[in-house]
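Order of appearance sets the numbers: ligands from 1, and atoms from 1 within every ligand.
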Amino acid sequence: MAERISLIGVGVMGEAILTSMLPTVDAGGVRVADGRPEHARTRAAALGVQAADSNTEAVTGADVVILAVKPKDIGGVATEIAPALAPGAIVVSVAAGISTAYLASRLPAGTPVVRVMPNTPATIGAGVSVLSAGEHATGDHLDQVASLLAGTGAVHRVEESYQDAVTAISGSGPAYVFYLIDALAEAGVLGGLSRELARDLAVQTVAGAGAMAQQTGEHPVVLRERVSSPAGTTVAAIRELDERGVRAAVIAAAETVRLRSIEMGRELAD
Ligand SMILES: NC(=O)c1ccc[n+]([C@@H]2O[C@H](COP(=O)([O-])OP(=O)(O)OC[C@H]3O[C@@H](n4cnc5c(N)ncnc54)[C@H](OP(=O)(O)O)[C@@H]3O)[C@@H](O)[C@H]2O)c1
């Protein structure tokens, strides 16, 4: 029988995951709920899935329940849905900083919980999702969730203790790259290019460089050196980036995210 899937929270990430799953799941078996029921109904109608008027209605009879609400809301949602969960249902959380233990303590004993850190390029199937098993989640549960998320892009697995570091790189990472694209485009405008051309050049350069790093598998330093002729223009730019501490700033920014993710988990657990 086809899997019955429930999604709680039809926001940015919930909808990205839902859209990516739809080509491979039975849309008739998918039910969604949201903080605003009318929003759930509108999005469900647009995507060809069912809408529920409450979280408990959405999870009743579901094999897999995906929680895509904000970290501050997820504890309350877990407590709310616990009595309605079918025995053996897998609960998947995409909330940053929230441990499987935090959720398991609010769910029926023995509930398999899988923690996932996705990212927004999942919307176009070019994301990366990183899975960790909670205490009662087996390899089969992880396989089941990995196959559901295959449409979001690449899927990796890590021990849960690494999820804060994952959040800092791939979870928040698209924002750093969009920031770089914007800065690069601004430089193009400063150099006299139209905004449209500057944006296209910046976007295509980031997309092409990313694809090249992925397809060649070469170390980024090797790829960078190939663009940098001796005494040339690019090497002068790299020296400027180094002098302004851009590499250190990127590392510090990611480390701040990792620490904030740990802190958020602790704040909510208190
Ligand atoms: N966005 C990202 O890049 C990203 C990346 C990785 C992980 N995540 C994780 O994904 C989760 C969702 O983030 P998001 O960016 O998608 O946030 P979002 O756009 O605000 O979506 C959250 C959704 O949950 C709904 N909601 C709130 N309380 C609810 C409740 N009690 N019951 C049912 N639905 C409820 C909200 O409805 P209302 O609008 O009515 O409140 C909203 O539609 C977060 O835990 C975040 O850590 C996000």
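Residues meeting the salt bridge (Lys or Arg N to Asp or Glu O under 4.0 Å) test with Glu225, sequence neighbours left out: none. The salt bridge (Lys or Arg N to Asp or Glu O under 4.0 Å) test applied to Arg106 returns no partner, not counting sequence neighbours.
If you look at ligand 1, the protein residues with a non-hydrogen atom under 4.0 Å away are Ile8, Gly9, Val10, Gly11, Val12, Met13, Asp34, Gly35, Arg36, Asn55, Ala68, Val69, Lys70, Pro71, Asp73, Val77, Val94, Ala95, Ala96, Met117, Pro118, Thr120.
Dense packing is recorded around CD of Glu243, with more than 12 heavy atoms of other residues, nucleotides or ligands lying under 6.0 Å away. More than 12 heavy atoms of other shown residues, nucleotides or ligands fall within 6.0 angstrom of atom CD in Glu38.
No option in Asp140, Val116, Val155 other than Val116 meets the side chain to side chain contact (heavy atoms under 4.5 Å, CB included) test with Val145.
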Identify each donor-acceptor pair in which a side-chain atom of residues 45-59 lies under 3.5 Å from a protein atom, sequence neighbours left out, and give them as a table.
| from | atom 1 | to | atom 2 | distance (Å) |
| --- | --- | --- | --- | --- |
| Gln50 | NE2 | Gly28 | O | 2.5 |
| Asp53 | OD1 | Arg41 | NH1 | 2.9 |
| Ser54 | OG | Thr56 | OG1 | 3.2 |
| Ser54 | OG | Glu57 | N | 3.0 |
| Asn55 | ND2 | Glu80 | OE1 | 3.0 |
| Glu57 | OE1 | Asp53 | N | 3.2 |

